[in-house]
Structures are given as C-alpha cells and as structure tokens.
Chemist: 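This structure is in structure tokens; I'll ask about it shortly.
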Number of protein chains: 2
Amino acid sequence: MNLRHLKYFMAVAENLHFGKAAKKLFIAQPPLSRQIRQLEEELGVMLFDRDKRHVALTSQGAFLYDESQKIFNHLSAVRKTLGLMHQGVVGQINIGYVGAAMHCILPDLLVKLNSACPDVNAQLLELSTESQIQAIQTGQIDVGFIRTPVDIAGLIARSVYREPFSLVLPAEYEPVEATAAGIRALANEPFISFARVCGPGLIDSVLSICSKSGFAPRIVHETSQMNSVVRLVESGLGYSIVPSSVKNGYDLKVTFVELAGFEETAELSVVYAKGESTAIVQNFLAQVLHE
Amino acid sequence: MNLRHLKYFMAVAENLHFGKAAKKLFIAQPPLSRQIRQLEEELGVMLFDRDKRHVALTSQGAFLYDESQKIFNHLSAVRKTLGLMHQGVVGQINIGYVGAAMHCILPDLLVKLNSACPDVNAQLLELSTESQIQAIQTGQIDVGFIRTPVDIAGLIARSVYREPFSLVLPAEYEPVEATAAGIRALANEPFISFARVCGPGLIDSVLSICSKSGFAPRIVHETSQMNSVVRLVESGLGYSIVPSSVKNGYDLKVTFVELAGFEETAELSVVYAKGESTAIVQNFLAQVLHE
DNA sequence: TCAACTTGATACCTACTGAGTATTAATTGA
DNA sequence: TCAATTAATACTCAGTAGGTATCAAGTTGA
C-alpha cells in the first residue's frame, strides 16, 4: 500500500465516478482504475460496488475512507508541527543554571519565553558552572547560566547579569560595616568558602576583595553548593562572601551585608555551544541577549 | 512523501546507522541515503545530525519517529479491521422488521448475533412489510422481517415463524369462544382492520378465517400500523383478528382470545436481496435460518 | 430498435523514479 | 601515514505508474 493508493481511493470515494476523480487527480482514468484495483487486491476487500454504470462505496470502503482522512490529517499535522519546530516555536530546550540565576534573571526570562513561544517546553537543570560546561559539550543541555569568568574552550559565553558581593554573617555576629575596614574586622573569624566548581572567577573575586581589605580569609569549610555555604553560616560555623542574589529565595537566620566600594562583581553569563544551534535555542538566546 | 520514506526513516532512526538500516531493509546503502535526503528536503527539516561518522536524531527526527510509528500502527489497525469486516464479524447490519417480530423471534436473534459477533452493530428499523420490500431494493436495509406471503419480485424470503391468530376484543365485550361459532357471534360488530401494507397475506388469512366462520367482517377502520389496531380496539371502536404475538409487549385493556381449529397462520419471514451479500448479512442469515 | 453516448476495464507502450554498483570523501584509529 | 569505516555521489538498469487506444456493457433518445 501507498499513500498514493489512499489518495486516489479518496478521490474516487468523493466523486463516486472514476472519470471525474481521475480528472481531479490530473491523471487518466485507466491508471486510476488500476490503482484502485491494486489497493482492493492488496487489502483483500472490495472497496466499491461497481455495476458497470454506477460506483458506490462498500461498508469497508466507507470505513477506509474515514480512516484515510484521519491518516492524511495526521500527516498534515505532523508536517505543520515539524515546520513549527523548525521555526523554534514548538519543541524543547534544556537549560542549565546555577542556583543564583533562579533568584535574579531566570524567572523573567522563562516568563518571556513562555509568552513568546508557549509550546516550547523548558527543561531546567540546576548544575554547577563546571557541570554545565560539560553538559553543553555532551549535549545534555542546550544553554547554561554560569558564573564567569571561567575557561570555556569551544563555547561562547555572554555576560547577562552583574551584581555586587555581600557579606553573609551568622545572626549572632555583631553587625559589620560594608567596607574594606568592616571586613578586615572579620579576618580572624572562620571563613566558609564555595568550591571552584561553583565558578573559579567567583572565588578569585572574593579572594581579591579580602586581599584588598588587607587579609587572607581563614577558610575552614568549602562546599560545592552555594546554598550550602549559607546554611553553614546559619549554623554559626563562620562567615562568607557570596553574590548578593544568594540572599533571595532562602529564609535563613543570617545577616546579609551588601559590600560597597569594591570593583569586583559577580558575573552571570549565558553559555552555549559554538556553531549552528536549533531554532529554539537561537530564539531563546535572542531573548536573553537582545534586551 | 511516501510511506516508503517513513519506513526507511524509521529504520535509520532505529539503527542510527545507514549501512545497518539498509541491510535490514534489504536495500543498498546509497538509495537509503537518497531517500532520507529526499524526505528531509520535502519536509524542509533536518531529521538526523550527521557528522561523517555518527548519526543522531534531531528533535524533529525524534518527533517524526514517534508520529510515524503511530501512523503505521493506525494503518495496520485499519488493515486488521478491514479483514474483520470482510469476515463479517465487524461492521453494521441494517435490519427492518414489523412490530410483531420484536415480540417473538427478533430479540433472541439479536442476542445470538451479539454474542457471536459483538462488534457487529445492528441498526433496527421498524417498518411495514411493504416499506421493507422497498427498503431492501434501495439498500436502506440489508434484511427484513416481514409478513408473508407477499409479492417479493427479485428478493428471497424464508419463513422463520408461524403463529395462530387471536381475536382481540374491547374489555367491555362479553367473552367469546375461540372457534368459528364464537367468531360468528361477532359478525355484526364493527371490525378494525390493518391495511394491506402490513402484509397482504395477513389480510387474506383473516378474511379467510371470517369467511370459513360464515361471515364477512364489517370493516369500519383500517390502520397502517398493527399496534394502532389494538389501540382502536381498546377504545371500544370494534374488534379485530391479529397475529397472536401482537398481545405481547403492550399493556392495553383488551381481551385476546387465541383461535383454534383454523389452518390459517400468520407467517413471519426473513427477506433479503438475491445475489451476493456482505459477509455480515450472510452470517446473520445463517444464524436466522440454520437453526 | 438501433445508434450514439457513458463509463469502467483491458492492452500495450513510454517514461520516471527507485535500486544497484562503483566510487568518492571524510573521519578515525593503529 | 595508511587501512578501515561510513555516508554521499555518479551512473546505469529495471520496475511501475501513467498515457493512448480500445473494448464491453449499459443507458438514452430518436
């Protein structure tokens, strides 16, 4: 069987006349008769009652007509969806992100994406900066929101958000001034650090802030998750310096003090693979970047 | 597009290897590559990511694979159903019947049909004998249950049920004996008759019964519907003689007296068109006749 | 009643397209 | 650098869809 067979069959079923159907199909009548007979032979069923003068659908023919219509509708829906997928308004995009992104730009971006392309399904994966770089190379995610600067051989990163750092102190600590002098007062307190996988650039900035304030932090704990840092601070194990957006989204008993007078900022970048990407990813990147 | 394209596409999608897919399809690799490229060009979409060494489905390819699978499943279900329709175990049969048939043999027959062929849908149409004969010729019904004898040029009728006649009297009449003598006592009462469309043979039998009893009925009303006869009798307009099965199925205040000692019987026959009929009709007739 | 017309089926030929073979191009691995 | 792998390309062949001519059977109308 062939889609041609079904198409020809439907034409005959609609006209109940081989000659007229052939004309509508822009073919001659004899090949049409032959194709219909082939179809009947293959299905082992008479599709038409012919009485040398009139053509009528058999019950099997009527059934096949309905089903053929469904099949062609299905096919044209598939064609249409493929076109929409090609345009990038239908489909799926896998997005990696560091936790902080969910507390600044990511929610707005997802709302924009959803209103522009309601049939694009965004799969979100919270991953460290390092894991995202790997995940893009393996194709596990299409785009990532990472902490920069970081080594991204073969990938492209574009800065999308900058924010100051904040001191984060256990609730029982004395309040501290948001300046180099204020920080220096904490020099002997234990410092909770995040690991390099969270973003090497971030660590470097924090160390730079301390260095400019005239001390090196006394690192007692190091965690791979940014929110673990805050939890450890809450437990009173020490203080830390984190991007300011970390204070959003948690309800922990700690004190955040946004630092002033430092040029160091925490940079969030969108990262994606070099070379051609799918239309969905291009659409998404356009929304992220061109605004 | 062509079902072949989809079939080939699915083979490549399943193997992610043109050479292996071609082998499974029993064709050489080059035509397979060409067919896939044709499909991609026609759909305007890349279905596979090829990197000279590896083949992977794109998101559009993954979508098309799922949908192709559905389409082939649909097609094979259609094939299967057509086969079942051909065997006569799936489909529809249009059955005409006179009201009385529903009170004797028809319910049992429908139960038998349903248990033998649960996917056969019986469309029931209560029609007079005359209307059924026309309806068979126009193809409106496949088989009919009619009152015979009757002229059925070009059709075949087979007797399926015989029953005696019954007197039907208004409740206020005196009881009457079920014999020729008893009937004769009613000779001067008004007689409610059914029309010839209800079955000419029936009328002739009734008139024959009266004639053998020594009188001609004084016909005051004639209706085309058998159950109207009984309703008119209930209203006290007169008495009638009807097939005994008419007494079933109504709850009217009339008296039925089954006649005895007459050779006349009301005959119910199944009637159908000469020549080949669908498997469903053949199955149904086999159940009606071979038992 | 018979010729003209309709209409689907058949016979036969042509041409397009799908399949095969041989080869190329490009990448991978030893 | 060479052999191996694998998809793509070039070219040829053949099967099948489509065309034309005709037939067969039924309908219509003078």
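Atom set for the values below is all heavy atoms of this structure, side chains included, hydrogens, waters and symmetry mates excluded. Values in this document were obtained by computation on a predicted structure and should not be read as measured data. So you know, we letter chains A, B, ... as the sequences are listed, proteins then strands, and number each from 1.
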Chemist: Are Q140(B) and L125(B) side-chain neighbours, meaning at least one heavy-atom pair lies under 4.5 Å?
Modeler: yes
Chemist: Decide side chain to side chain donor-acceptor pair (under 3.5 Å) for Q29(B) and S33(B); before the verdict, give the C-alpha distance in whole Å, the side-chain angles of both, and the deciding distance to 0.1 Å.
Modeler: CA-CA 6 Å; Q29(B) 166 264 315; S33(B) 292; 3.0 Å; yes
Chemist: Distance check: side-chain N/O of S33(A) vs OP1/OP2 of dG8(C), anything under 4.0 Å?
Modeler: no
Chemist: Residues in salt bridge (charged side-chain N to carboxylate O under 4.0 Å, His left out) with R34(B), at least two apart?
Modeler: none
Chemist: How many Å lie between CG on N2(B) and P on dC16(C), as a whole number?
Modeler: 18 Å
Chemist: For dA7(D), take OP1 and OP2 only and decide whether either is under 4.0 Å from a side-chain N or O of H17(B).
Modeler: yes
Chemist: Whole angstroms only, please: what is the NE2-C1' distance between H54(B) and dT28(C)?
Modeler: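 Spelled out: NE2 on H54(B) to C1' on dT28(C) is 9 Å.
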Chemist: Grab the CG-P distance between L25(B) and dG20(C) for me, whole Å please.
Modeler: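 Whole-Å distance recorded here is 10 Å.
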Chemist: Less than 4.5 Å apart, any side-chain heavy atom of I95(A) and any of L110(A)?
Modeler: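 Counting from C-beta outward, I95(A) and L110(A) do come under 4.5 Å.
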Chemist: If you assign each of H5(A) and G19(B) to its closest nucleotide in DNA chain D, which residue comes earlier from the 5' end?
Modeler: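 The residue whose closest nucleotide sits nearer the 5' end is G19(B).
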Chemist: Between dT7(C) atom C1' and L16(A) atom CG, what is the distance in whole Å?
Modeler: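 Going from L16(A) (CG) to dT7(C) (C1'), I get 14 Å.
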Chemist: OP1 or OP2 of dA19(C) sitting under 4.0 Å from any side-chain N/O of R4(B)?
Modeler: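 Yes, within the criterion.
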Chemist: Do N15(B) and K24(B) make a side-chain contact, defined as non-hydrogen atoms from C-beta onward lying under 4.5 Å apart?
Modeler: yes
Chemist: What parts of residues 34-48 of chain B reach DNA chain D, counting only heavy atoms under 4.0 Å away?
Modeler: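 Heavy-atom cutoff 4.0 Å gives R37(B).
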Chemist: Could you check if a side-chain atom of Y8(A) sits within less than 4.5 angstrom of a side-chain atom of I27(A), using non-hydrogen atoms only?
Modeler: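 In short, these two side chains touch, coming nearer than 4.5 Å.
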Chemist: Would you say R50(A) reaches dA25(D)'s phosphate, i.e. side-chain N/O to OP1/OP2 under 4.0 Å?
Modeler: no
Chemist: Of the nucleotides dA7(D), dG19(D), dA10(D), which one has an atom closest to the side chain of A28(A)?
Modeler: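 Of the candidates, dG19(D) comes closest.
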Chemist: Would you kindly give the CD1-to-C1' distance between I27(B) and dC13(D), to the nearest whole Å?
Modeler: 16 Å
Chemist: List the residues meeting ring pair (Phe, Tyr, Trp, His ring centres under 6.0 Å) with F9(B), not counting sequence neighbours, and say none if there are none.
Modeler: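 F48(B).
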Chemist: In whole angstrom, give the distance that lies between atom CD of Q29(B) and atom C1' of dA4(D).
Modeler: 15 Å
Chemist: For L32(B) and dT6(D), give me the distance from atom CG to atom C1', rounded to whole Å.
Modeler: 12 Å
Chemist: Report the nucleotide, chosen from dG18(D), dA10(D), dA21(D), that has the shortest atom-to-atom distance to any side-chain atom of P30(B).
Modeler: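 Among the listed nucleotides, the one closest to the side chain of P30(B) is dA10(D).
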